[in-house]
Amino acid sequence: MSATAHAHVDDHAHDDHGHHHKETFVTKYIFSQDHKMIGKQYLILGVFVMGFIGIAMSLLFRMQLAWPGESFPIFEALLGKWAPGGVMDADVYLALVTMHGTIMVFFVLTAGLSGTFSNLLIPLQIGARDMASGFLNMVSFWLFAIASAIMIISLFVEAGPAAAGWTIYPPLSALPMAQPGSGMGMTLWLSSMAIFIASSLLGSLNYIVTVINLRTKGMSMTRLPLTIWAFFVTAIIGVISFPVLLSAALLLIMDRSFGTSFFLSDIFIQGEVLHYQGGSPVLYEHLFWFLGHPEVYIVLLPALGITSEVMSTNARKPIFGYRAMIASILAIAFLSTIVWGHHMFISGMNPFLGSVFTFTTLLIAIPSAVKAFNYITTLWKGNLQLNPAMLFSIGLVSTFITGGLTGIVLGDSTLDINVHDTYFVVAHFHLVMGISALYGLFAGVYHWFPKMYGGRLMNKNLGYVHFWVTAICAYGVFFPMHFVGMAGVPRRYYENTAFPMFDELTDIQVLMTVFAIIAAAAQLVFVANFFYSIFYGKVGPKNPWKSNTLEWTAEQEHIHGNWAGPIPEVHRWAYDYSKVYENGDYIIEGQDYVPQHIPLQENEEEMNH
Amino acid sequence: MTTLLTLAVLVLVAIAIWQLTKIFELSQLRTEQHQIATDSDNKNNGYMLFGFLVFIYGITIFSFWNYGKFLLPEAGSAHGEEYDSLMLVSFIIIFIVQTLTQALLHYFGYKYAGKKGQKALFYADNDRLEFIWTIIPVIVLAGLILWGLYTWTTIMDVNDEDDPLIVELYAQQFNWTARYGGDDNVLGGANVRMIDIDKANVLGLDEADTYAHDDIIVKELHLPVGRKVNFKMRSQDVLHSAYMPHFRAQMNCVPGMITEFSFTPIYTTEEMRTNPDVMDKVKRTNKIRAEKSASTGEALDPWQFDYILLCNKICGKSHYNMQMKIIVETEEEYNQWIKSQSTFAETVMKDDTNPAFNTVSAVSVAE
Ligand code: HEM
Ligand SMILES: [Cu+2]
Ligand SMILES: [Cu+2]
């Protein structure tokens, strides 16, 4: 259907954008409606600014865990009155953990990752001149910027920022007398997240509409690169699940400010009984995790999509099992909305429900396993070009497997009883979601940097240093952490030396913290490389990685509308790497790839994928 | 020790930065150099990938060797044995899969590192293969999950068979209280609205409810070995979680509702103290404590193993130190102990000045 339906869209879009608008500094760099610029704005704000804050926070509380109660001048300098004499206060520890989690999950890996690459790649890879609505796209970014600003402002309020954990379970998050962070800090947290959700919804709707309507001629759904499939499905999950978080946040705001009892009941605190009656904190948990679990796939799927594309290009091979990959993405998307209860096995919910969620969790493990196997097979008999992006993609598969396997323990309601809320969980989700998604993000930045900055390439040697130090440290931090969890250490503990049971774990804590500090230092290499390359990076060839997808046919310089001439027409899927005739010759002589806009050659069979 | 490590980190970081600037300079000198992987990049990074595989195996072995002993000792509860077997089998499967898949991934990365003239194989699909690696996880996972679900339904079936001891665990910021049903083994009615601090009725027991009169409120949990215990959990303020790691037991405490968990302790505290793993742990810990005493000058008592109840749901400032000691003892010892405790009627209802619960003499849990 697509071929006929989109022909006119193409012409129309061309009329709109073919000529150049007069652009001022403000319309070009600040209130830009160009998807490429918006993508870069997300990258800078989401990853560089918010990512820096989030990771710095993790270093602070990791230092506290390794050297509990010790005085550090840096604590005093950064935390001020919350670290009297340089010793971190217990409330601030919780605040740091909470803000770290919130920032990393929502601001860095949801907005930073999806926002950057969905914006940059969707129009370029489907052959569109821009998003369906450039204006909404701009609004979406600026809402995100407001949300970020509020979240950062909340760090400076008198009683401190939100500190109830990134899941902000009530009643802790609802009652200012339960915790100082549940006052103004929590109000700002909730406002920030409400705006964030609005931003995310606008963005997602735009992505969905763009993918459905603006594909160029010949770009059928089954010819889409897997990146686009991943972004598309991610956006759909976001549209389905974020509104539920919004409702949870709204009900919580009502409980906090208007005396309703949605989540509260029978509370006696600080010497008085509160009036709340009949609400249930478990209800909040259901609402939160109805978003919370899909959220991990919102974070992960774009990273997997990027990996599919980068891996196939650099292996000089088609991605193995293209259709199975799409089927897996769809299966994961569907199942991700019915597994949330595995975070609540021991929340007091009916144990029978626990059984049901164990079962659905088993189901979602299957498409995830299929994806891992397909990546490994993609490498088999390839001609691997080990660029930094490729290494990060391989690294992603490695951490995805290591982290995913421990999901077998956590998804099993029985086994979860004793590891729930321990460091075992922290190790699991950092590997499978945090580190994997971060690797996907890095792979994307190295790979598409030339598309963002006028054909310039990032320095590869610094890229190698960045990858190898990060890869080693990531395992160094999170592998031993499983053992801490299996020793029974609960998470969100300010120190583990208040009673003797965990005294002997101090050495592991030190080891993990040392690795974390080195890992963070390695990220500075990346930052330096990134900004250096923006200005001084070498301009490479137009299609530096010899890739098949359409973005490499677009102009190196950024022009509004992406292609100076007509939009290319698509004649094949995106993965004709190393395709040969029966006699073993490449389809195009001397070239091991056939870009999507090249028509089928004589005697060439279109593979039935 | 810590200063040494900090120094080591600083030195490492300094070396790293120095190396980096060198690389940076080098790459600046030869400006014509491409930023796209060459054959020699592929070769080197291929080797590195292989080395990384060795590193992953290495850190696995290292962690087991050094940290394996930190894992929780043998389970102290009946269902805990089943739990441990299921965990063991799951981990064996996990390690087999981990070892194989990481090997393939990194070995392929090394083996097929790009070379000029090397032709990749155009290999887009194979339904048989994909079917195989869909069906194998399905079967293995189905097996694990069926076993898990069977165990789960047994564990979570809190019933009154076998005359269980009824105990309430009561959570508040930031401590635990336990309540026994007393002679009738029935807990009297209670609600936060009946809490009366002035009368020291801190659990909000209903004085009009005769079942409550013989209830016994304590700050240290005693359990008779071999008898099933049904726990009823309550919280008066925020979410808490009653986590008893040695018994493989955990359940959240939720304001506004009563949650339940049930298990049968199978080893007394004394017996557990003679478990070789526990003895090793105590020895190691006391060595650390002795060293700490020597270096800080602050005298730390030697530690003795005890079962423990921890809070495992973030609940505020002192979440990290919200705990209660659990003592598992023989039936006789337990009976003797419980007899020596006063009931609700004898304390709160009689005399307004007495505390509502029995204070523990010589509390040794918290240091
Ligand atoms: C240098 C890298 C990182 C280090 C050292 C680190 C360390 C930690 C630690 C130790 C905790 C647990 C604290 C506790 O429960 O007491 C934690 C929590 C968390 N981290 Fe990270 N982390 C890092 C990167 C990331 C990334 C990339 C993500 C992205 C998903 C992330 C997401 C989270 C979340 C969601 C929590 C839970 C917060 C909460 O419990 O409220 N972290 N981190
Ligand atoms: Cu989940
Ligand atoms: Cu608590």
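Just so it is clear, the values below take in all heavy atoms, side chains as well, and ignore hydrogens, waters and symmetry mates. Proteins come first, then strands; the chains are lettered A, B, ... in the order of their sequence lines, and each starts at number 1.
- If you measure heavy-atom distances from A:I319 to chain B, the contacts under 4.5 Å come from the backbone alone.
- Side-chain N or O atoms of A:T358 include none that pairs as donor or acceptor with a backbone N or O of A:D412 at under 3.5 Å.
- With a 4.5 angstrom heavy-atom cutoff, A:L274 touches chain B only via backbone atoms.
- The number of heavy atoms from other shown groups lying within 6.0 Å of OH (B:Y110) does not exceed 12.
- Contacts of A:F502 with chain B are made by side-chain atoms alone, with heavy-atom separations under 4.5 Å and no backbone atom involved.
- Geometrically, B:K317 does not engage A:Y93 in a cation-pi contact defined by less than 6.0 Å to the ring centre and at most 45° from the axis.
- When heavy atoms are compared at a cutoff of 4.5 Å, A:P388 does not approach chain B at all.
- Of the two parts of A:V484, neither the backbone nor the side chain holds a non-hydrogen atom closer than 4.5 Å to a non-hydrogen atom of chain B.
- Heavy-atom distances place both the backbone and the side chain of A:A178 under 4.5 Å from chain B.
- Looking at A:I408, only its side chain comes within 4.5 Å of chain B, counting heavy atoms on both sides.
- If you measure heavy-atom distances from A:I417 to chain B, the contacts under 4.5 Å come from both the backbone and the side chain.
- A salt bridge between A:D503 and B:R289 is present, with a side-chain N of the basic residue lying under 4.0 Å from a carboxylate O of the acidic one.
- Here the OH atom belonging to B:Y112 is positioned 12.0 Å from the CG atom belonging to A:N383, to the nearest 0.5 angstrom.
- The most heavy-atom pairs under 4.5 Å with chain A, out of B:T38, B:T259, B:I59, B:T151, come from B:I59.
- Contact annotation for A:A315: only backbone heavy atoms (N, CA, C, O) come within less than 4.5 Å of a heavy atom of chain B.
- The contact between A:A471 and chain B is made by backbone and side chain atoms together, counting heavy-atom distances below 4.5 Å.
- For A:T377, the part lying under 4.5 angstrom from a heavy atom of chain B is the side chain only.
- Of the two parts of A:Y575, only the backbone, made up of N, CA, C and O, holds a non-hydrogen atom closer than 4.5 Å to a non-hydrogen atom of chain B.
- If you tally non-hydrogen atom pairs under 4.5 Å between each of B:Q172, B:K313, B:R284, B:M48 and chain A, the highest count goes to B:M48.
- Heavy atoms of A:D89 lying under 4.5 Å from chain B belong exclusively to its side chain.
- No close placement of the B:W152 and A:F359 rings is indicated, their centers lying 6.0 Å or farther apart.
- Chain B forms the most heavy-atom pairs under 4.5 Å with one residue out of A:Q179, A:H482, A:M501, and that residue is A:M501.
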